[in-house]
Amino acid sequence: MHFESFEAFLQMGKHGAYVWSAYGISFVLVGLNVALAVRAQRQAKEDVKRFARREMADANKS
Amino acid sequence: MWQTLTRWYHQWGSPRYFFQYSGVLLPWLWPLAVLTLVVGVVWGLAFAPADYQQGNSYRIIFIHVPAASAALLGYIAMGVAGLVGLVWRMKMADIMIKAIAPFGAVLAAIALITGAIWGKPTWGTYWVWDARLTSMLLMLFLYLGVFALMNAIPDPRQAGRAASLLSVVGVINVVIVKYSVEWWQSLHQGSTLKVVGESAMPSEMLAPLLISMLGIYLFFACTVLMRARTEIMVRERKSQWLREVLR
Amino acid sequence: MACYTAAALKGTLVTELPLLETTDLYCERDDRVLFSALNWRAVDGEIWQVAGVNGAGKTTLMRILAGLHGFFDGEVRWPRWLAQQQDPRQHFLYLGHKAGLRDELTPLENIRWWTSLHGDTVDDAKIFPALACLGLAGYETVPCAQLSAGQKRRVALSLLWIMNKVVWLLDEPFTALDADGVTLIENRLREHAANGGLVIYSSHHRFDDAVRHVRLALGEVEVA
Amino acid sequence: MSFRATLKREVVLAWRRPAEIINPLFFFVMVVAMFPLGVSPKADLLSVIAPGVVWVAALLAVLLSVEGLFRNDFEAGALEQMLVAPTNLYVPCLAKIIAHWLLTGLPLVLVAPLLGYMLHLPEQASMTLFLGLLLGTPTLTAIGAIGVSLTVGVRSGGILLALLILPLYVPVLVFGAGAAAYAANGAPVEGLLAILAAMLLASLTLAPAAVAAGLRISNGG
């Protein structure tokens, strides 16, 4: 471990703000992106199922 | 060798095969990607030695360089997918472009933002018209261009093909843009302080960098596979095989 | 259903081959199936009408035949030219939904440009009688902006007299035409079919019982 | 054959609608005239930014004028005739690009030295500015035509076109304005003009193929 203590690790010798803000923003952006992708996937899966149900309903009706 | 390649090409070219096998692959790939990325970043942040010139601010490199190289690789991959899509009219190629573009744009934005933040302690200002930052900015614009075109065209297949052509044209230009920006920089400022020469890095810094790069590539691959599956579900939602697989 | 591929065609006499053959043609547009399993074979000397309610996909089918629209499943093949390794588009004459005239140009300039696209130089000696036959004598050098919709359609249709192409793909040829304009075009279509041409037109108007039709009814297809 | 006919047709079309030639020219002059008002009228400052200002203005003028390249043909249905024709689509596309440059790009190039003079551009640089634009504007038209072929069917084409094409204009701008700046300092510019010429040849040979593919795609192909 390069730093003596956890505080030193956070401070990173007066560069802490820059390092952590850079990583923070990157993490937020990546997280947002993955979350959107997961939501889109779930939505698409719902669509397929809904479409199948609707088709089943039409089939029984006719 | 050539048979396996063409067999692979035809297998992975069909949405159905792609969907099933990516389904098998993803549960393994996600933990591996996250693990590699975390190891690389934590190693770089906590255990790598400080830089004698810049102190600890150089640690941003462990996210800046991987993001920048992944964004570039993503764009080149889109160009290749575009070419395949146009020349052999392969369905999966358009889907891949739609899958790569979002995360590629995010990575380009990350590279830009982290580069700017890193510039503050090093050069004293957030934005310097440095060759690498400028070409990353243009890379972001190229990504946004592909995005804007895909959303502007209603029909998904036509949008996919238009994006393919734009990616191919864009890839040819990305190389020219890079060199012209490099030359432009030497015209106006002479060579600025090289932020950190990759090759000149001591091994304790290079190791975490390579691992976090691998982590970002794996992470990129996972999101691409996931988005491609989503796009397949959208396009093939009426097909029978999809219902069996999802039941 | 014999499926024609270049290899299989080696033996057969070229003239016996059909001009057009589609094998289970399927097309959908924003989630609606326009037509599916369309198996259609057309030989020379026939007139085909593509019929169907509005939005049934008539124009899309015409554009698929002309090679403009590429998003469909199934096969569209022109076996005769496939056997002779020719580009079928050399034998097409396609008139689209819109007249295709630029208003700033005169009929003469428009026609000259169209014919140049097909590579054959057509001298005025062929253009003027065609326009005269369509009742456009004297309008040859008037900018199309000053022509009525019917006259513009006639300028476009003048290609039927000027160009000699085997396959005619006409999308709604009778729109904006008056009564004698319609009969004029009907006779021309019959004449073309009589000497071995193939006419495929999309319209609600069926002018002859000898005309065969492809009816698109929101998914189902009837070929008679 | 269709090359000459398309070229002649474009010239006649432009002759019948002179606005298409004059508007980009007015736009070009007006944009350049904005800079002394916006920045400062002092000669020493203006002469430094002159090459860049003239080039950016020319670039925007070409971008705006190229937008209408296929729009009228698309709306009239004439574009379909081009797509259906058996002759290779490459040829009419090349003809349209060249005709469009002759009608809108060339006037810009002829006016540029005058505008350079207005911005106190040093004397020895105006010839390089002229040559640079002479080599650069056709490249800009060709690259712009690729973007237009993709957005011809789209309603909000203008802004979208700029978003697609401006990043691709950067190399031409960098070397063009760079050449004029070099010349202003008396440095040799042959190398830079050679690069511009190379870009011109590359874009004139490759762009029509991309434009043809783009037109087929945006017409449902």
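Chain letters run A, B, ... following the sequence lines, proteins first and then strands; every chain starts at 1. We use all heavy atoms of the structure for the numbers below, so side chains are in, but hydrogens, waters and symmetry mates are not. Since we're looking at a predicted model, the values are computed, not measured.
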Hey, are C/T60 and C/R29 close enough side-chain-wise for a donor-acceptor pair under 3.5 Å?
yes
Counterpart residues, side chain to side chain contact (heavy atoms under 4.5 Å, CB included), relative to C/V166 (two or more places apart):
C/L19, C/W81, C/H91
For D/A76, enumerate each residue passing the side chain to side chain contact (heavy atoms under 4.5 Å, CB included) test, keeping only those at least two apart in sequence or located in another chain.
C/R102
Name the region of [X], side chain, backbone, both or neither, that has any atom closer than 4.5 Å to a heavy atom of chain D.
| X | result |
| --- | --- |
| C/L105 | both |
| C/I64 | neither |
| C/E109 | side chain |

Worked verdict on C/N39 versus C/T23 for side-chain hydrogen bond (donor to acceptor under 3.5 Å, both in side chains):
CA-CA 5 Å; C/N39 293 303; C/T23 36; 5.4 Å; no
Considering only heavy atoms, give the residues of residues 28-36 of chain D separated from chain C by less than 4.5 Å, sorted numerically, with 'none' for an empty result.
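The list, in residue order, is empty: none.
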Could you name the residues of residues 208-219 of chain D that have a heavy atom within less than 4.5 Å of a heavy atom in chain C?
D/R216, D/N219
I need the residue from D/K8, D/R4, D/M82 with the largest number of non-hydrogen atom pairs under 4.5 Å to chain C.
D/M82
So, C/W40 versus C/F35, ring centres under 6.0 angstrom or not?
no
Over-ring placement of D/K96 relative to D/F3, 6.0 Å and 45° cut-offs:
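Not satisfied by the 6.0 Å and 45° rule.
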Assess whether a salt bridge exists between C/D103 and C/K152, defined as any Lys/Arg side-chain N lying under 4.0 Å from an Asp/Glu carboxylate O.
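Salt bridge present between C/D103 and C/K152.
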Using 4.0 Å as the upper bound for N to carboxylate O, is an ion pair formed by C/R153 and C/E172?
no
Could you tell me which of C/R112, C/Q90, C/H97 has the largest number of non-hydrogen atom pairs under 4.5 Å with chain D?
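If we count pairs closer than 4.5 Å to chain D, C/Q90 comes out on top.
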Euclidean distance, D/L83 CG relative to C/R63 CZ, rounded to 0.5 Å
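That separation rounds to 8.5 Å.
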Step-by-step side-chain contact (heavy atoms from CB on, under 4.5 Å) determination, C/F92 to C/L65
CA-CA 10 Å; C/F92 286 178; C/L65 295 180; over 6 Å; no
C/R41 and C/P18: which non-hydrogen atoms are nearest, and at how many Å?
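In terms of heavy atoms, the two residues are closest at CG-CB, 3.5 Å.
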Parallel, tilted or perpendicular: which one describes the rings of C/W168 and C/H192, with boundaries at 30° and 60°?
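Parallel: the ring planes of C/W168 and C/H192 meet at under 30°.
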